[in-house]
Amino acid sequence: MLQARRAVVRSLSFVAATAVVTGSLAACSEDDTEQAPSIGYAIDNTITTYNGNTTAGAVSGTMAALSRVLPGFTFTGPVGAPVSDTDIGTAAQLPGEALTVSYTLNPSSVYSDGVPLTCDDLVLTWAASSGRFTKTVDGADVPMFDVANTLGYSDIDRVQCQPGAKDATVVFKPGRAFTEWRSLFGATALMPSHIAMQRAGVPDLVSAVNSDDTEALTKIADFWNTGWNMTPGQLDTSVLPSSGPYRVEDYTEDGGLVLVANERWWGNAPATDRIVVWPRGVDLTKDAVDQSIEVIDVGSGSAGDLSALSGFTSEQIPSRSIEQFILSTSGVLGDEAARRAFGHCVPRSTLFDQYGSTPDAPAVGVGSGTVDSRLVVPDSLVYSDAAATDGNRYSAADVAATKVSLSEAGLDALTVRVGYLAPDPVRAQIVADVKAACEPAGVTIEDVSSPDFTPDALRTGGVDAVLAGTAGQAGAAGMADMIDARGALRSGNSSNFGGYGNARVDQIIDQLDTDPAIAAQLGLSVEAENILWTQVPTIPLFNQVRTVAVAQGMSAVVANPTRSASGWNMDRWVLRR
């Protein structure tokens, strides 16, 4: 019953999402226009690595930029749910007591360097993302792979693969039937294992994994962690083979990230041969007027007012990314009472009205109001119950409650340093509004944003709080299954930047991910939110509003208010001038 209801909700959402086709031929006919050979696409995040699975990669713009360079068995569609990508292959659940999935790669699938895609690529993804493989550092066991989130992959017991084969069988641990298994091995998750083996000097990855060869796996992990880093002007394209319709040709500060048609792509050829992805930092207004950018997908207001751009059509859309404060659980906010004090002076309802509401905001669901649950989405059947726990206690700035919590923490005053990726006029104003609301209660807010900011500053003590989207993302983020959001609160995950840990919350997250029964989802979500609103590791605000703007003459740009952003179907884009 729950799955059927989910299907109805997702179908209705898909109709709404795909109705936002924010580009058209705008009264131009093919008879009096020519197709442009290149399209500029601007996002509101940095691009620092080819590997979007690392801690740094997961909070970068890798998925928004490269989902059609490194596709997988699924992609995150406009509804936020996984959609099968049969160009890469097929996945089918097999009968049996333990969840078992058979993956078959397309027989024609080959990387742009001529090396076939194989099940070795799935083995690498699982090995890196499972958290299973550790090494000893200063007497402690630490993960070899700097992966952001292990949810789902940590439930896999083994990946059965004959090296070089086109098929694999993924067997999950008994009792760990990961409900959202279709999200695994998706776009940007499958990295070219042959490059990792070559650079690490390991001839057989599968054998190394099966035999727990620590020496070989350490070499693989060392490359996996940093070997795919991307620095403008210093690009080694030999380590960047593509498995999608586009491949990376160049990356410079002046010229952007240049994607060109992959000559070895076996599916439908991209409609436009060249896409230039412009990361955060460019002058969108100037470049749009100069006709070097034709598609813009950014947090509303983060790049200034785009509504007046001449020759552009824009839409404001609530996304699945939860704008939130992520709090350190050490330092000045190490005491949960201190975190409650901060939470009590944040004017959440006012912030939604100012920065989270859209002109045609729905009455319920995504974008309808403040987000009061961290673990279930606003269009979930159990959201209203989970959201009714303690979120209302933190709806408006409450000076008296703040002072009570400060007293419980043994404090007379509190200073909270808030960081975010700058420049960002909206987040700057949110911090200013919170500063004004908190000051009367004895809580001082300091804006310590910077152009090179990352949420890892929480771990190093550089900030006390981060203002960002789901799982610390500065740009496009979020998905319907909440894997990223839940992983960011699961102890041991690198995406858990604040270092929050609660054994019962861990148990709840693990059960939410394997028990789809509505009764279980309801009871567990309510219990978890009661804990989370008491311990306050994060302060959720609202679903971030995205602005998608496209130039006149563009077609096939379909807004995707998830972690995939509008670039999810860039190989279908056409520009006629």
Side-chain angles (χ1 to χ4, degrees), residues 17 19-26 36 38-47 61 64-65 78 256-257 275-321 323 351-361 367 420-430 449 451 467-469 473-478 542-570 573 575 577:
V20 188
V21 182
T22 56
S24 68
L25 293 183
S38 180
I39 296 171
Y41 168 44
I43 62 175
D44 58 340
N45 208 337
T46 58
I47 301 173
L257 177 65
I275 304 287
V276 180
V277 184
W278 294 97
R280 191 186 198 97
V282 300
D283 186 336
L284 293 186
T285 302
K286 175 182 179 298
D287 290 343
V289 171
D290 291 346
Q291 297 189 344
S292 58
I293 292 177
E294 289 82 22
V295 180
I296 300 171
D297 191 330
V298 298
S300 292
S302 65
D305 183 10
L306 302 178
S307 62
L309 278 179
S310 178
F312 276 72
T313 301
S314 65
E315 298 276 352
Q316 287 193 323
I317 310 160
S319 75
R320 291 196 175 273
S321 179
E323 191 73 3
L351 294 177
F352 165 74
D353 291 339
Q354 289 291 109
Y355 312 107
S357 180
T358 55
D360 53 350
Y420 55 90
L421 185 61
D424 190 321
V426 169
R427 287 183 173 137
Q429 191 57 55
I430 288 174
S449 60
L467 180 56
Q473 266 276 13
F542 49 81
N543 290 109
Q544 185 196 47
V545 180
R546 305 290 296 174
T547 292
V548 179
V550 299
Q552 182 178 13
M554 282 294 308
S555 62
V557 178
V558 180
N560 188 331
T562 74
R563 61 182 188 170
S564 291
S566 297
W568 73 288
N569 75 332
M570 64 169 64
W573 294 352
L575 170 64
R577 293 196 191 277

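Note that this is a predicted model, so its numbers are computed, not measured.
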What pair of heavy atoms forms the shortest contact from [X] to [Y], and how long is it?
{"X": "L421", "Y": "A474", "result": "CD2-CB, 3.8 Å"}
{"X": "A559", "Y": "I317", "result": "CB-CD1, 3.4 Å"}
{"X": "S302", "Y": "P425", "result": "O-CD, 3.1 Å"}
{"X": "R577", "Y": "Q552", "result": "NH1-O, 4.4 Å"}
{"X": "G469", "Y": "S321", "result": "CA-OG, 3.4 Å"}

With rounding to the nearest 0.5 angstrom, report the [atom1] to [atom2] distance, [X] to [Y].
{"X": "M570", "Y": "S564", "atom1": "CE", "atom2": "OG", "result": "10.5 Å"}
{"X": "T562", "Y": "W568", "atom1": "OG1", "atom2": "CH2", "result": "9.5 Å"}
{"X": "L284", "Y": "D305", "atom1": "CG", "atom2": "CG", "result": "12.0 Å"}
{"X": "I39", "Y": "I293", "atom1": "CD1", "atom2": "CD1", "result": "12.5 Å"}

Do [X] and [Y] have side chains that approach each other closer than 4.5 Å (heavy atoms only, starting at C-beta)?
{"X": "I430", "Y": "Y420", "answer": "no"}
{"X": "P318", "Y": "F542", "answer": "no"}
{"X": "Q544", "Y": "Q473", "answer": "no"}
{"X": "Q354", "Y": "Q429", "answer": "no"}

R280: salt bridge (charged side-chain N to carboxylate O under 4.0 Å, His left out) partners, not counting sequence neighbours: D424

Run the side-chain contact (heavy atoms from CB on, under 4.5 Å) test on V426 and S300 for me, step by step, so that the C-alpha distance in whole Å, both residues' side-chain angles and the decisive distance to 0.1 Å come before the verdict. CA-CA 8 Å; V426 169; S300 292; 5.9 Å; no

Under the side chain to side chain donor-acceptor pair (under 3.5 Å) test, residues paired with D297 that sit two or more places apart: R546, S566

Side chain to side chain contact (heavy atoms under 4.5 Å, CB included) filter on T285, not counting sequence neighbours, yields D283, L306, L309

Set of residues satisfying side chain to side chain contact (heavy atoms under 4.5 Å, CB included) with respect to A36, sequence neighbours excluded: L575

Check whether D44 reaches the backbone of G299 with its side chain - one donor and one acceptor, N or O, closer than 3.5 Å. yes

Side chains of D290 and S292: donor-acceptor distance under 3.5 Å anywhere? no

Applying ring pair (Phe, Tyr, Trp, His ring centres under 6.0 Å) to Y41 and not counting sequence neighbours gives W573

Residue pairs meeting salt bridge (Lys or Arg N to Asp or Glu O under 4.0 Å), one or both in residues 554-563, sequence neighbours left out, come to D484-R563

